[in-house]
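Below is one structure, written out as structure tokens, with a few remarks after it.
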Amino acid sequence: MFMKKDRFISALLSIIMMLVSNTLRADNVISLPRILGGELSNSAATSVSDIEEVLPRMKTLDLNTVLVPVYWEFLEPVEGQMDFTLVDCTIEVARQQGLKIVPLWFGAWKNSMSCYAPAWFKHDVKRFPRAMTAEGKQMEIASCFSDDVLQADLKAFSALMRHIKERDPQRKVVIMMQIENEIGMLESARDHSPLAEKAYHKERWAERYGTDEYADEKFMALSYARYVEHLAKAAREIHDMPLYVNAAMNSRGRRPGEYPSAGPLAHLIDFWHEGAPSIDLLAPDIYDTGFKSWCAQYAMPLRPQDGGKIKNRLFIPESRCCENSGVRALYAFGEHQALGFSPFAIDQASPKETESVTEAYSLLRQVSNVKQAMNTWGLLFDQDDKERIIDDEGVVMTCRHYFTLPWDPRATDGSTWPEGGAMLIRLGKYDYLLAGSGVVVDFKTPTEKRQEEMKQLGEDGFAEAGGNTSPKADKHFHGKRLGLLSVDEVCISDDGTMQYLRRHNGDQTHQGRHARISVGEWKLLHIRLYEY
């Protein structure tokens, strides 16, 4: 009886804490500017000369924010002696370049491993014990159940936060902080070291959740989150700023331990929120296929059960830097109102890869100045996922990959299609902006769309050869149609003024059938419709 009462009180307190933490998460990130970011490769900030070279180069790519590692092994090379040389250089050069910075704390863990811990930490295995597999194999992963590990990590991280507050008290440069990097257990779903086993049995975890690897993962997720909460609370007390943790994805059918088990993954969000209520965001590092699916898992909008607060806002601190990065950014911002997007190792990417980022960020800067935006959508297409239909209050927009049009030879030459994508913005009735690359959009009334489908028009808008009207089709057209009043290529100034560049008509709109931006081109189109 008392056990049931205790569990009820515990559950109630957990719900209250989650509601409070949701409020903190929503309020703390709402004032942040849109992060048009790029993350540096792991060793890009290990010397002053590297920092002085790489940050000005990031400015030329049109980033507004750079995610920069801060390495525990350089910050505290001798226990108790802090060296802020690299941190100071990063802040100063960023300030000179007009860039914002998000430091990445490579502390106790980086990609699961404790590879960035100082040498004095690594040598002292007794004081700083390692995690173990079920077979008793020690990992180069510090055990999160060790108070000595926590206190050493916390001491260095707190010193970093105090120093950042001294150097940038108004958060003009350093706008957010990542705590650790891709936390998670490898080879085993959870830590089986003596300290971990003691905590596992004290929690009576097996009785509550079972004994399979997914139950083990939940135990480990709550334990990692509780560890991170110590750092997050300290950060809040020293220099309050948005805080997040990033996750390596559980992809390709792998099981816990084959991927970094227990990280801040979407299916573990409740355990992370319970254990680390001071964390604002759980952020996905997206490298695998299925970009849209990963985004959807982490973009958790307003829900009544969360007290009307955002459960998790989408922020992508790492994504594969490639020729598709630009359209993926447009999709994330358009579809999910993402806080930010950041291709990884952008400092090592080729000009062809960074060009897409620069072009997309230029469009995003322009549309961010639009004051009258009423709704936005994100478009992202490839060779397999090539069409999306959007019904916007009686305007049916059929959006497709540009290569669905029949006249571009690249569509059928056997090569893999580059992704096409855009942000589609409603300004008002019959008034839209389309910002992106490699997309085509047509606009119809619902009745017109239904009758078109019965006629089975081809991809170019013409009837298929031989005539293939459905036998059920009424030959008489009913209702009204939508036409293109104008399609203008524009740019938008900082004050929101739309500046005309050129009119798209005739061949550029397929004689009024659609608005389009070809693959390899990056444009902002102002589209106005009329009904007849």
Side-chain angles (χ1 to χ4, degrees), residues 1-22 24-25 108-109 112 129-137 139 141-147 149-150 180 182-233 245 247-250 254-279 282 297-298 300 303 305-307 311-312:
M1 177 178 176
F2 291 107
M3 180 65 73
K4 290 182 178 179
K5 183 178 179 181
D6 289 344
R7 286 179 178 175
F8 173 77
I9 294 172
S10 177
L12 183 61
L13 288 173
S14 294
I15 292 171
I16 293 171
M17 285 300 296
M18 286 179 65
L19 292 176
V20 172
S21 66
N22 284 338
L24 289 173
R25 283 191 294 274
W109 302 286
S112 299
R130 306 300 190 260
M132 291 182 180
T133 66
E135 297 75 28
K137 175 185 175 183
M139 311 288 293
I141 301 173
S143 176
C144 69
F145 299 96
S146 166
D147 188 61
V149 170
L150 170 62
E180 311 295 348
E182 292 189 358
I183 289 174
M185 273 293 295
L186 288 174
E187 295 194 33
S188 181
R190 71 172 177 88
D191 183 1
H192 289 270
S193 66
L195 289 173
E197 288 297 308
K198 182 179 179 180
Y200 178 81
H201 292 295
K202 183 179 179 181
E203 294 267 6
R204 305 181 68 174
W205 199 264
E207 296 177 26
R208 295 164 62 192
Y209 293 100
T211 58
D212 66 13
E213 59 195 346
Y214 294 99
D216 283 353
E217 182 181 36
K218 292 172 183 176
F219 166 74
M220 201 67 200
L222 183 59
S223 301
Y224 274 135
R226 287 169 173 169
Y227 180 106
V228 166
E229 175 65 9
H230 287 284
L231 276 69
K233 283 186 69 175
V245 284
M249 298 294 92
N250 50 325
R254 295 176 294 188
R255 303 171 72 88
E258 295 173 342
Y259 63 78
S261 171
L265 295 156
H267 69 280
L268 300 170
I269 190 169
D270 289 340
F271 291 93
W272 271 88
H273 282 176
E274 178 184 344
S278 298
I279 289 293
L282 307 185
Q297 289 184 47
Y298 280 84
M300 301 179 186
R303 307 191 315 172
Q305 59 264 46
D306 297 317
K311 192 169 185 180
N312 196 67

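These numbers were taken from a predicted model, which means no experiment stands behind them.
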Item checked: Min side-chain heavy-atom separation Lys218-Leu268 under 4.5 Å -> yes

Next item on the list: State yes or no: are the ring centers of Phe271 and Tyr214 separated by less than 6.0 Å?
Entry: no

Next item on the list: Determine yes or no for a side-chain-to-main-chain donor-acceptor pair under 3.5 angstrom, with Tyr298 supplying the side chain and Asn312 the backbone.
Entry: no

Note to self: Parallel, tilted or perpendicular: which one describes the rings of His267 and Tyr259, with boundaries at 30° and 60°?
What the structure shows: perpendicular

Check: Ion pair present between Asp270 and Lys311, side-chain N to carboxylate O less than 4.0 angstrom?
Finding: yes

Next item on the list: Would you confirm whether Ser261, through its side chain, and Ala189, through its main-chain N or O, come within 3.5 Å as a donor-acceptor pair?
Entry: yes

Checklist line | Validation row: Pro129, Phe145 side chains within 4.5 angstrom (heavy atoms) | finding: no

Checklist line | Reference residue Glu187; test salt bridge (charged side-chain N to carboxylate O under 4.0 Å, His left out); the match among Arg255, Arg130, Lys137 | finding: Lys137

Item checked: Close side-chain approach of Glu229 to Pro277, heavy-atom, < 4.5 Å -> yes

Next item on the list: Looking only at non-hydrogen atoms, find the nearest pair between Glu207 and Arg204 and report the distance.
Entry: OE1-NH2, 2.7 Å

Next item on the list: Salt-bridge test for Arg226 and Glu203: reply yes if a basic N is under 4.0 Å from a carboxylate O, no otherwise.
Entry: yes

Check: Do the non-hydrogen side-chain atoms of Phe219 and Tyr209 ever get within less than 4.5 Å of each other?
Finding: no

Notebook entry, point to check: Between the main-chain N or O of Ala262 and the side-chain N or O of Trp272, is there a donor-acceptor pair closer than 3.5 Å?
Noted result: yes

